[in-house]
Engineer: 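The structure under discussion is supplied below as structure tokens; questions concerning it will follow.
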Amino acid sequence: MPGTPRPRGALERIRRRAGHDPTPEQARRRLRAITSLRLAPGQVVAAVITALLGVALVAQVRAQDEAGLSQLRESELVALLDDVSGRVDDLQQEVLELEADRRRLEGQQGDVAAAEAARERLQSYAILAGTAPVTGPGISVIVDDPDGGMTQTMLLDAIQELRDAGAEAIQVGSVRVVASSHVGVAEGAGGGSVTLDGAVLVPPFRIVAVGEPDTLAGGLAIPGGFLDSLRGAGATVQVVEGDEVLVDAVRPTPDLRWAEPVPATPSS
């Protein structure tokens, strides 16, 4: 309304609430109460620096991850992609097999299906433990290394490359490769220095692997892998794919000395 004075500023509002002019001390206390809600300049600077450090750390981690992949060769990237794809396929296949087992066990012939599933599991475990011979599609690798150029690392690479390529059973010379196999070096051994589970590999010897032939052969042919390293050392290597190869080396069933099964607890 015309002629009505309007409040002006914080001081005018304080005067209206108090009914009189505040003393200088009261004004200072009220001013400090108002400004105490504001962040100090040091706090603002610290918050900005913390935020910048967080952004820089995230950017550095991402850059390192990208640089790690960018430094790989095209063949290595392809091999990495194939390995990941193969693992996904294996896991999906395992899921399908487990679902099929569950349906069989839940059916009317549950006891028969359970016994059949147990026999299949026993066969699989016998293959993994190396206590049974194996036949099926796969590859044979004939290695002729008269100069002894093959090293312990090369043989380890060959076994690992075959496993990564999906080999279900591997035999090197007359030795069956299992989870507990170890590669060593026999210094001064005649005819060769690399050993597998204590047996000296005397050239020429053969590596047999059961699995998808194309995949197994491709796994060994990775640039810089087993075949390239062995040929670079002066050895002669020949890879033969076959519809049926035989892994006839077996491991004896271990005689357990310490482990005993835990008795089943009767249900209450």
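By convention here, the first residue in the shown sequence is residue 1.
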Engineer: Tell me every residue that passes salt bridge (charged side-chain N to carboxylate O under 4.0 Å, His left out) with R119, counting only those two or more places apart in sequence or in another chain.
Structural biologist: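 R119: salt bridge (charged side-chain N to carboxylate O under 4.0 Å, His left out) contacts with E116.
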
Engineer: By the rule that ILVMFWY residues connect when side-chain heavy atoms come within less than 4.5 angstrom, directly or transitively, which residues belong alongside V78?
Structural biologist: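 Taking Ile, Leu, Val, Met, Phe, Trp and Tyr as members, V78 stands alone, with no cluster partners.
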
Engineer: Let me confirm one number: the OG1-CZ distance from T131 to R176, rounded to the nearest 0.5 Å.
Structural biologist: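 That separation rounds to 7.5 Å.
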
Engineer: Given a cutoff of under 4.5 Å between side-chain heavy atoms of I, L, V, M, F, W and Y, with clusters grown through shared members, what are the other residues clustered with V250?
Structural biologist: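 None, because no other hydrophobic side chain comes under 4.5 Å of this residue.
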
Engineer: side-chain contact (heavy atoms from CB on, under 4.5 Å) between L201 and V143: does it pass, once the steps are laid out?
Structural biologist: CA-CA 10 Å; L201 299 179; V143 178; over 6 Å; no

Engineer: Quick one: name the residues clustered hydrophobically with L98, using the 4.5 Å side-chain heavy-atom rule over I, L, V, M, F, W, Y, and just say none if it's on its own.
Structural biologist: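 When side chains under 4.5 Å apart are linked, L98 ends up in no cluster with other residues.
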
Engineer: Distance from S75 atom OG to L80 atom CG, nearest 0.5 Å?
Structural biologist: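 If I round to the nearest 0.5 Å, the distance is 11.5 Å.
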
Engineer: Strictly by salt bridge (charged side-chain N to carboxylate O under 4.0 Å, His left out), give each pair with a member in residues 212-238 just once, sequence neighbours left out.
Structural biologist: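 Every candidate salt bridge (charged side-chain N to carboxylate O under 4.0 Å, His left out) pair involving residues 212-238 fails, so no pair, neighbours aside, qualifies.
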
Engineer: Quick check: is L246 connected to V141 through a chain of hydrophobic side chains (ILVMFWY, heavy atoms under 4.5 Å apart)?
Structural biologist: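 Looking at the clustering, L246 is in a separate group from V141.
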
Engineer: Please tabulate, one pair per line, all N/O donor-acceptor pairs under 3.5 Å involving side-chain atoms of residues 203-211, not counting sequence neighbours.
Structural biologist:
none

Engineer: Who are the side chain to side chain contact (heavy atoms under 4.5 Å, CB included) partners of D197, not counting sequence neighbours?
Structural biologist: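 Only V175, S181, H182, R251 meet the side chain to side chain contact (heavy atoms under 4.5 Å, CB included) criterion with D197.
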
Engineer: Which residues pass the side chain to side chain contact (heavy atoms under 4.5 Å, CB included) test with E260, sequence neighbours left out?
Structural biologist: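 Once residues adjacent in sequence are excluded, E260 has no partner under the side chain to side chain contact (heavy atoms under 4.5 Å, CB included) criterion.
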
Engineer: Residues two or more places apart in sequence or in another chain: which of them pass side chain to side chain contact (heavy atoms under 4.5 Å, CB included) with T195?
Structural biologist: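 In terms of side chain to side chain contact (heavy atoms under 4.5 Å, CB included), with neighbours along the sequence ignored, T195 is linked to A186, V200.
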
Engineer: Same hydrophobic cluster for I139 and M154, using side-chain heavy-atom links shorter than 4.5 Å among ILVMFWY?
Structural biologist: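 Looking at the clustering, M154 is in the same group as I139.
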
Engineer: Would you kindly confirm whether I222 and L227 end up in one hydrophobic cluster when ILVMFWY residues are joined by side chain heavy atoms under 4.5 Å apart?
Structural biologist: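 In one cluster: no.
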
Engineer: Determine, using the 4.5 Å side-chain heavy-atom cutoff (strictly less than), whether V237 and V183 are members of one ILVMFWY cluster.
Structural biologist: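 Both belong to a single hydrophobic cluster.
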
Engineer: Just so I know, are the side chains of E99 and L96 near enough to count as touching, which here means a heavy-atom distance under 4.5 Å?
Structural biologist: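 With C-beta onward as the side chain, the pair touches.
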
Engineer: For D89, enumerate each residue passing the salt bridge (charged side-chain N to carboxylate O under 4.0 Å, His left out) test, keeping only those at least two apart in sequence or located in another chain.
Structural biologist: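 Scan of D89 (salt bridge (charged side-chain N to carboxylate O under 4.0 Å, His left out), adjacent residues dropped) gives none.
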
Engineer: For the OG1 atom of T215 and the CD atom of E241, what is their distance to the nearest 0.5 Å?
Structural biologist: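 It comes to 9.0 Å.
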
Engineer: May I have the list of side-chain donor-acceptor pairs in residues 156-173 shorter than 3.5 Å, sequence neighbours left out?
Structural biologist:
residue	atom	partner	partner atom	Å
Q160	NE2	D164	OD1	2.9
E161	OE1	F226	N	3.4
E161	OE2	F226	N	3.3
R163	NH2	V178	O	3.0
Q171	OE1	D248	N	3.1
Q171	OE1	A249	N	3.1
Q171	NE2	G173	O	3.0
Q171	NE2	D248	OD1	3.3

Engineer: Rounded to the nearest 0.5 Å, what's the gap from CE on M150 to OG on S229? Could you check?
Structural biologist: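 If I round to the nearest 0.5 Å, the distance is 11.5 Å.
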
Engineer: Linking I/L/V/M/F/W/Y whenever any side-chain heavy atoms sit under 4.5 Å apart, do L220 and V177 land together?
Structural biologist: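 Result: yes, single cluster for both.
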
Engineer: Kindly write out the residues that satisfy side chain to side chain contact (heavy atoms under 4.5 Å, CB included) with A235, not counting sequence neighbours, or none if the list is empty.
Structural biologist: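 Result, side chain to side chain contact (heavy atoms under 4.5 Å, CB included) vs A235: D145, L230.
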
